[in-house]
Amino acid sequence: MNKVFEISITERRKIGQMGLDSFMQGQHNMLDYPVDKLIASLKQKNDSILAELDRWSDIERNEPERFNAIEEKANRTGHSISIQMNDSILEIIYIEDELFALLEMKIIYAFKHLEIKIKQLLFAAYQDPYINRQFKWDTIIQFLRGKNINVKKFGSIRPY
């Protein structure tokens with residue numbers, strides 16, 4: 001190994017200790033805040049469309065003469081309340097699909113974030129660069145088994 005890059009055991013321990021000491025810094029999930037803002041915005045838009053759709057549905061159901069008069073007036077200008085209501089339903093379905101996709105993304109990113117933090121912790125504890133290059137959970141589990149750590153017992157660990 002090149003003399004410039006040789007690190008003593010004391011230096012390795014200090015680096016490891018610094019890594020463990022700083023482990024809790026930056027624990028927040030950076031994706032949550034912007035995605036939560038987007039989700040809130042989509043929900044607000046969805047609620048607005050639903051309210052408008054409910055308003056037109058109420059008029060159609062409770063005041064059919066008024067609804068028909070408005071529909072006729074709209075038809076004369078090239079519009080249709082019924083078509084607008086159907087378009088609103090399609091937009092609601094689209095927004096709900098988008099919301100579902102965003103929630104899926106949050107779940108996937110949360111798992112990936114956890115994986116990154118576990119690898120960071122393992123690197124700080126063991127100073128093994130091999131662990132940072134792993135992208136498969138099974139490989140990380142094998143690494144832990146090699147260190148005599150039983151991952152299956154993690155779920156049975158109870159805090160104080």
Side-chain angles (χ1 to χ4, degrees), residues 1-58 61 80-160:
M1 181 179 253
N2 188 336
K3 282 263 188 204
V4 176
F5 294 109
E6 284 185 22
I7 299 174
S8 71
I9 190 71
T10 305
E11 290 170 326
R12 284 182 188 213
R13 285 183 181 158
K14 285 181 183 178
I15 291 170
Q17 186 61 45
M18 287 173 21
L20 290 172
D21 290 343
S22 66
F23 177 71
M24 291 307 290
Q25 296 172 351
Q27 290 296 318
H28 71 283
N29 179 326
M30 294 187 313
L31 187 70
D32 277 347
Y33 179 72
V35 171
D36 286 345
K37 282 181 64 173
L38 183 57
I39 287 172
S41 172
L42 286 171
K43 282 182 177 179
Q44 184 178 14
K45 183 177 180 180
N46 201 36
D47 290 346
S48 174
I49 295 168
L50 275 170
E52 183 70 14
L53 184 60
D54 284 346
R55 191 173 72 84
W56 283 114
S57 293
D58 284 345
R61 186 175 37 257
S80 169
I81 303 301
S82 298
I83 291 173
Q84 182 180 331
M85 290 171 66
N86 287 336
D87 289 347
S88 293
I89 291 169
L90 293 175
E91 190 168 4
I92 288 168
I93 292 169
Y94 173 77
I95 290 171
E96 288 176 352
D97 286 345
E98 287 289 308
L99 287 168
F100 189 78
L102 289 168
L103 292 171
E104 284 179 327
M105 276 180 34
K106 282 184 67 167
I107 291 168
I108 292 166
Y109 185 80
F111 180 79
K112 188 63 180 174
H113 182 75
L114 174 65
E115 182 182 318
I116 290 167
K117 296 314 280 182
I118 288 171
K119 289 192 312 187
Q120 181 185 16
L121 179 63
L122 291 174
F123 180 75
Y126 294 107
Q127 305 278 308
D128 189 339
Y130 168 80
I131 197 64
N132 280 336
R133 295 188 304 265
Q134 299 313 306
F135 298 100
K136 294 185 180 176
W137 189 246
D138 290 338
T139 308
I140 294 171
I141 290 173
Q142 285 178 330
F143 176 84
L144 292 170
R145 283 185 186 143
K147 302 294 182 187
N148 292 322
I149 297 172
N150 185 349
V151 179
K152 291 182 181 181
K153 287 189 177 182
F154 285 173
S156 64
I157 296 173
R158 301 284 182 253
Y160 306 105

Extract all donor-acceptor atom pairs below 3.5 Å that involve side chains of residues 46-53 and protein atoms in other chains or at least two apart in sequence.
residue : atom : partner : partner atom : Å
E52     : OE2  : R55     : NH2          : 3.0
E52     : OE2  : W56     : NE1          : 2.9

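- Taking OH of Y94 as the reference point, atom CG of L99 lies at 10.5 Å (rounded to 0.5 Å).
- Shown here is Q44, whose CD atom has no more than 12 heavy atoms of other residues, nucleotides or ligands within 6.0 Å.
- Interatomic distance, CG of L144 versus CD1 of I118, reported as 8.0 Å (0.5 Å rounding).
- Taking CD1 of I108 as the start and CG of L103 as the end, the distance is 11.0 Å to the nearest 0.5 Å.
- Rounding to the nearest 0.5 Å gives a distance of 14.0 Å between CG of L121 and CD1 of I116.
- Of all heavy-atom pairs between I95 and L42, the closest is CG2-O, 3.6 Å.
- Taken from NZ in K43 to CD in E96, the straight-line distance is 11.0 Å, to the nearest 0.5 Å.
- Two residues are said to be in side-chain contact when any heavy atoms from C-beta on lie closer than 4.5 Å; K106 and D36 meet this criterion.
- Judged purely by atom type and a 3.5 angstrom limit, S41 has no side-chain atom pairing as donor or acceptor with the backbone of K37.
- Other residues, nucleotides and ligands contribute more than 12 heavy atoms inside 6.0 Å of the NZ atom of K147.
- Here Q142 contributes atom CD and R145 contributes atom CZ; the two are 7.0 Å apart, rounded to the nearest 0.5 Å.
- Considering all non-hydrogen atoms of both residues, N29 and L31 come closest at OD1-N, 2.9 Å.
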